[in-house]
Visitor: 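If you scroll down you'll find the structure; I have some questions about it.
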Amino acid sequence: MIASLFLTLKLAFITTLILIPICLSLCVWLYGPLTPIKRLVLSFLTLPLVLPPTVLGFYLLIFMSPNGFIGSLVNNIGITSLVFTFKGLVIASIIYSIPFVLQPMYASLSLIDKGFYETSRVLGKSKIFSFYMVLVPMAKYGILTSAVLGFLHTIGEFGVILMIGGNIPGETGVASVYLYDLVESLNYDEAHQLSAILIITSLAFLYVLYSLSRLVSGKKHG
Amino acid sequence: MLRLSSMIKYKALSFLFLFAFNNSYAENILVATSSNLSFVLPYITEQFYKESGHTVVTSLGSTNRLYNQIKNGAPYDLFLSANTNAIFDLISEGYIEEMNAFIYAEGVLVLYANFDISNLSIEEILIHTSVNKIALPNPEFAPYGFAAFDYLNNHHNYDVLRNKIVFSANVAQSFQYTQLGVAEVSFVPLSYVIGNNTSVDNYVIINDDLYPPIAQMMGVLRNTSNKIPALNFLTFMGTPLVQDYLVANGYN
Amino acid sequence: MVNLEANFQFNYENSSIDFNFSKINFNTPITGVFGHTGSGKTTLLECIIGINNINSGYIKLNDNDLVSDIKDTVVGHRGISYLAQHTYLFPHLTVFQNIIYPLGKKGQLDYANQLISMLSLSSLLSFYPNQLSGGQQRQVALVRALIAPHKILILDEPLSGIDKAAAVKINKIIKKHSGSLDKNVLYVSHNIYDLAKISNEILVIDNGANKYKDSTKSLLLNSEFSIAYLSEPISVLDSPTQVTNHGRGVNLFFNKIKVTAPNINDPNEANLIINSTDVSISLDKVDNTSISNQFPVTVIDIIDFPKHNSKLVILKSNEFILQSLITTNSLNLLELVVGEKVWCLFKASSLIS
């Protein structure tokens, strides 16, 4: 049980750490008026939010298998298989959690008075400099929220992992799937224990996150 | 081999007799059934409808999950389990009457591969270099998985194979893994390879002496509101029509 | 120096304005841009700077296309620095960090330090913007805009909402900054007094077009302009030859003429202004009077001023030209005619600095 928790945390951390720079870069591009192509990209990236995880997992399994689109690609660079591997889970988690990181991040950046960004540009700084030196520090709390949400969402990830994980202890046997097995095999005592740990951990993270909001909004200006 | 208690046999005949005179209005009966029956149920339920006018609505799930749902009051009329444990537990807990349950079939285990294995022994297949993963349903809760696990432990060197073993959530997933090639071989029900028209070059039936029986047991739930139609279906499952069909499609 | 040419259309929610500026040269360090609300001056600025997009046409600065069908120079690369009415000081940076923000890696801190000490901002450097008063924030924002290595600085109502002491400092900085070679300041305001205090030239914008462009003094003497745009004409007293302090005020010497004024921080930094209604005329010198300023002038013009049913009398001496607004009755009483030599009087406290 502890091993599965460790794996879950590892997956959540790695996924979040990868998603933050990816989403920040996306936000650099998305910032400003939404052209049709930006709207399209944003819609696609939000899709994992509304699709049933099993659908997502189902297609990921197909794409990642040796003959599938992704599977054959990685074969060319020497990786035998992404299914049943931790790497595969990371990729799936990234896709699954991207809207949970991107949405709050994009929203908090967009809410900042664009005069600040414009001022930075008028003072001679580039788009990227203005974005990272002005907008990002001002949206600190929103970005932190997006990281926490992405993290917690990955902890809760189940349907996708069930499809492509294979439940291999130490590799893909994350807590959510382990919990499923416990329930399936009518092992309710351990199931209760594991659930309690997951719930309490998530609550703790969220509580800390909301406590921080008071600190940050004190300094915030707009 | 069939395992029908003689009392049930008697009941079957008498109820068949009643069939002819039973003009009760058409009912829907809700049947909880384990997923491994997904290939054979359509035909069976169709035939039952023709014979009795009752519609069978099936709800697929894993045996243990359905068991748990029933214990929590799920409104099923019948439960088709992939093992005997669940039914016996429900009987001892009072959800099913003993006389309304029987073993109607036995599952057959096969080793299924995504390459031609017609000339290889099972051991050769398992240790084959091109086989990276061997999938079986989780033995903790899937009856076919339990059988496969037992088989591997007792008749092959499990420790050697350990690294290749992957547990799937259910038989359907094991089958899917091999179809997609992520697990080159898997242990699946015979009904799956037959139902999927798989070429005989791609599977081999495991000798049924070598693994514990996968008894498919069913029972009528005590608190059903459709007792007569449910019992009809129960006995229908024991009729030669159904039994022959089951044998033809991967059961014993 | 700078020249601007623009011909474009801008769509507002309910209307649109056609902007039409044939080539205008900005030859002087500080050019005031005057216009009422709705004249299009803010829009013009925003389009020049690039934070608003024009709907059709072009804008050229120094003969370079800033915006047109074929080119849209990136904001920040147009060589224009801008201070809006909202300072947009970065809240997460200290005052000092805000000020040096525009500097690149090879930043010249010297100029920054100079400006900081000129405005006495040294004590505020480690504070955050939200800890400063409105006037202080405006000063910091101004310094930041000045630090940006651009040749042109556009200021939009820099003194709005600012207290007197801060306003003086701000004007001082603006004058000093524009004094250095190659830097042009465009000072935009609807307050003619602010403009008259430090602009060398004033451009008047109305409905997207350039109505007048003249030196400050000449424009203020333009009665057509005064009648159309001002509630009353005003006059400017600039460049005194000498200034001395006498305790409760200052004496400004314009050659031999002495003008007494209330305490002014630094008369060299900003022009003195006087309303025409505060300038009186007398046929003879007046003795034993509380009005400390009087000197001989000649009447060079008398103009009808319909607004107050008055007459505008232009008075000239060797040192300056003043405008006096008197009632038609008074004019008739004094039987003033053009060419007549009279005396001009005004109180020291009437001088606006």
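Order of the sequence lines fixes the chain letters, A, B, ..., with proteins taken first and strands second; residue numbering starts at 1 for each chain.
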Visitor: Is there side-chain contact between B:I134 and B:V131, with at least one heavy-atom pair below 4.5 Å?
Guide: yes
Visitor: Side-chain contact, heavy-atom cut-off 4.5 Å: A:I168 with A:F86?
Guide: no
Visitor: Below 4.5 Å from any heavy atom of chain B, which atoms of A:I62 appear? Answer side chain, backbone, both or neither.
Guide: both
Visitor: Taking the side chain as everything from C-beta on, heavy atoms only, tell me whether A:V41 gets closer than 4.5 Å to A:W29.
Guide: yes
Visitor: Present all donor-acceptor pairs from chain A to chain B with distances below 3.5 Å, rounded to 0.1 Å.
Guide:
{"from": "A:L162", "atom 1": "O", "to": "B:Q173", "atom 2": "NE2", "distance (Å)": "2.8"}
{"from": "A:M163", "atom 1": "O", "to": "B:Y177", "atom 2": "OH", "distance (Å)": "3.2"}
{"from": "A:Y180", "atom 1": "OH", "to": "B:R65", "atom 2": "NH2", "distance (Å)": "3.3"}
{"from": "A:D181", "atom 1": "OD2", "to": "B:N138", "atom 2": "ND2", "distance (Å)": "3.3"}
{"from": "A:E184", "atom 1": "O", "to": "B:N64", "atom 2": "ND2", "distance (Å)": "2.5"}
{"from": "A:E184", "atom 1": "OE1", "to": "B:S62", "atom 2": "OG", "distance (Å)": "2.5"}
{"from": "A:E184", "atom 1": "OE2", "to": "B:S62", "atom 2": "OG", "distance (Å)": "3.0"}
{"from": "A:E184", "atom 1": "OE2", "to": "B:R65", "atom 2": "NE", "distance (Å)": "3.1"}
{"from": "A:Y188", "atom 1": "OH", "to": "B:N68", "atom 2": "OD1", "distance (Å)": "2.8"}
{"from": "A:Y188", "atom 1": "OH", "to": "B:N68", "atom 2": "ND2", "distance (Å)": "2.8"}

Visitor: What do you reckon, is CZ of A:F13 surrounded by more than 12 foreign heavy atoms closer than 6.0 Å?
Guide: no
Visitor: Is there a side-chain contact between B:L41 and B:L80, using heavy atoms and a 4.5 Å cut-off?
Guide: yes
Visitor: Between A:S126 (side chain only) and A:F129 (backbone N and O only), is there a donor and an acceptor less than 3.5 Å apart?
Guide: yes
Visitor: Can you find a pair of side-chain heavy atoms, one from A:I155 and one from A:L9, that are under 4.5 Å apart?
Guide: yes
Visitor: Using non-hydrogen atoms only, which part of A:L61 is less than 4.5 Å away from chain B: side chain, backbone, both, or neither?
Guide: both
